[in-house]
Amino acid sequence: MKYLIFLSVAMFHLVAKSQNCDFKINEVDAFTKTEKIRTQDQVISVKTSEAIYFSFYSSNSIYIDFSYRLSGIKSIVIGRDSTLMILLKNEEVIELLPLQTETSTINSINNTEITCMYPVTVEQLEKIKSVGLKKVRLNALRFYYEFDITKEKWVKKLNADIDCFIRKINK
């Protein structure tokens, strides 16, 4: 009986937490009357001195806002044909083209970051959530950067963000 009560409380906490959506942007544009929604940056993978992040953005269309951050100075260019490849756990690949070309920026403490938006469908987001991420590859103009998805807690947070995002845009 004690375990049943504990399990019930844990499930209630999990459900309540999963419905607590934290958006970085959640507004209606005063000029266009378009609803804009953006989730918080969610870490997907970290290597020694580099990390990748996803967030989800909606304003008429929906996007994965991909961010690659690394310590040190590096020039990275994302061209029109520079795909973001998402390898799912079932070995299926979702390949996304960038919305526009991008160039890396360097901040005041000599860290490099490149952020790029990739149009995505609700069906693709649902597939990422249901099947699960295995690897992500950013194809830049001269190089590619590949990341294994190893932390299950990051995947769970990403899935919660996908749930919140899809619920919000489908309202």
Side-chain angles (χ1 to χ4, degrees), residues 7 10-27 35-71 76 78 82-100 102 104-105 107 111-140 143-171:
L7 184 60
M11 289 299 290
F12 174 78
H13 176 70
L14 185 62
V15 168
K17 186 173 177 136
S18 70
Q19 293 178 357
N20 184 16
C21 301
D22 184 22
F23 295 105
K24 189 171 189 174
I25 298 172
N26 186 5
E27 65 189 22
E35 184 176 32
K36 294 182 177 186
I37 302 159
R38 185 176 190 276
T39 62
Q40 299 288 339
D41 289 347
Q42 176 58 42
V43 67
I44 300 301
S45 183
V46 174
K47 292 183 180 179
T48 306
S49 62
E50 39 190 0
I52 60 171
Y53 298 80
F54 278 4
S55 64
F56 306 104
Y57 179 76
S58 173
S59 177
N60 290 331
S61 296
I62 60 174
Y63 306 92
I64 290 178
D65 195 358
F66 174 84
S67 183
Y68 174 51
R69 303 171 190 165
L70 62 147
S71 60
I76 304 169
I78 305 238
S82 300
T83 56
L84 177 67
M85 299 175 78
I86 300 169
L87 179 64
L88 302 176
K89 287 184 178 177
N90 67 357
E91 303 300 322
E92 182 180 346
V93 175
I94 296 174
E95 196 166 353
L96 306 172
L97 286 169
L99 181 63
Q100 62 191 31
E102 298 287 347
S104 57
T105 59
N107 66 19
N111 288 332
T112 301
E113 178 175 7
I114 189 158
T115 301
C116 193
M117 294 177 71
Y118 294 86
V120 67
T121 66
V122 170
E123 292 76 22
Q124 288 169 320
L125 291 178
E126 287 173 339
K127 187 170 276 191
I128 290 168
K129 180 183 170 279
S130 65
V131 176
L133 291 172
K134 184 174 181 181
K135 288 185 178 208
V136 174
R137 176 185 289 172
L138 171 64
N139 288 306
F143 308 100
Y144 70 85
Y145 305 92
E146 194 168 285
F147 291 84
D148 292 321
I149 310 304
T150 57
K151 300 272 186 186
E152 197 58 39
K153 67 180 181 180
W154 294 338
V155 172
K156 287 180 183 176
K157 176 64 174 121
L158 180 74
N159 289 343
D161 284 356
I162 291 172
D163 272 343
C164 285
F165 184 74
I166 289 173
R167 275 198 316 270
K168 183 72 174 166
I169 64 175
N170 285 335
K171 279 190 357 181

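With values rounded to the nearest 0.5 angstrom, E152 atom CD is found 11.0 Å from L158 atom CG. Interatomic distance, SG of C164 versus CG of N26, reported as 11.0 Å (0.5 Å rounding). For the atom pair K89 NZ and I128 CD1, the distance stands at 13.0 Å (nearest 0.5 Å). How far CG of L96 is from CG of L84: 5.5 Å, rounded to the nearest 0.5 Å. With rounding to the nearest 0.5 angstrom, the CD1 atom of I25 is 10.0 Å from the CD1 atom of I37. The structure places NZ of K151 at 13.5 Å from NZ of K156, a figure rounded to the nearest 0.5 Å.
Between I76 and Y145 the shortest side-chain heavy-atom distance falls below 4.5 Å. For the pair L138/I52, no side-chain contact is recorded, criterion being any heavy-atom separation below 4.5 Å from C-beta on. Contact annotation: the side chain of M85 never approaches that of E146 to less than 4.5 Å [non-hydrogen atoms, C-beta and beyond]. Taking the side chain as every heavy atom from C-beta outward, K134 and I149 never approach each other to under 4.5 Å.
Closest heavy-atom contact between C21 and F23: CB-CE1, 3.5 Å. Counting all heavy atoms, side chain and backbone alike, P119 lies closest to L99 at CD-N, 3.9 Å. When all heavy atoms of D65 and M117 are compared, the pair lying nearest together is OD1-CG, 3.6 Å. Minimum heavy-atom separation, S55 to R38: OG-NH2, 3.1 Å. Taking each heavy atom of T121 and I62 in turn, the nearest pair found is C-CD1, 3.6 Å. Shown here for T112 and S104, the closest heavy-atom pair between the two residues is CG2-CB, 3.6 Å.
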Exercise. Hey, mind stepping through D163 and N159 against side-chain contact (heavy atoms from CB on, under 4.5 Å) and telling me if it holds?
Worked result: CA-CA 6 Å; D163 272 343; N159 289 343; 5.7 Å; no
For this session: Kindly determine whether Y118 and I78 satisfy side-chain contact (heavy atoms from CB on, under 4.5 Å), including the steps that lead there.
Result: CA-CA 11 Å; Y118 294 86; I78 305 238; 3.6 Å; yes
Exercise. Can you check side-chain contact (heavy atoms from CB on, under 4.5 Å) on V131 and E92, steps first, answer last?
Worked result: CA-CA 9 Å; V131 176; E92 182 180 346; 5.6 Å; no
Exercise. So V120 and I94, side-chain contact (heavy atoms from CB on, under 4.5 Å) or not? Walk me through it.
Worked result: CA-CA 10 Å; V120 67; I94 296 174; 5.7 Å; no
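In this structure a side-chain-to-backbone donor-acceptor pair under 3.5 Å is missing from T83 to N139.
Taking the six-membered ring where the residue is Trp, F54 and F56 present perpendicular rings, their angle passing 60° and hence far from 30°.
Counting non-hydrogen atoms of neighbouring residues, nucleotides and ligands closer than 6.0 angstrom, the NZ atom of K47 exceeds 12 such neighbours. Within a 6.0 Å sphere centred on NZ of K168, heavy atoms belonging to other residues, nucleotides or ligands number more than 12.
Under a 4.0 Å N-O distance rule, the pair K171/E35 does not qualify as a salt bridge. At a threshold of 4.0 Å, the pair E27-K36 does not count as salt-bridged, since none of the basic side-chain nitrogens sits closer than that to a carboxylate oxygen.
Just one residue in the list I169, I64, D161 forms a side-chain contact (heavy atoms from CB on, under 4.5 Å) with L125, and that residue is I64. Between Y53 and the options R69, Q40, Q42, a side-chain contact (heavy atoms from CB on, under 4.5 Å) holds for only R69.
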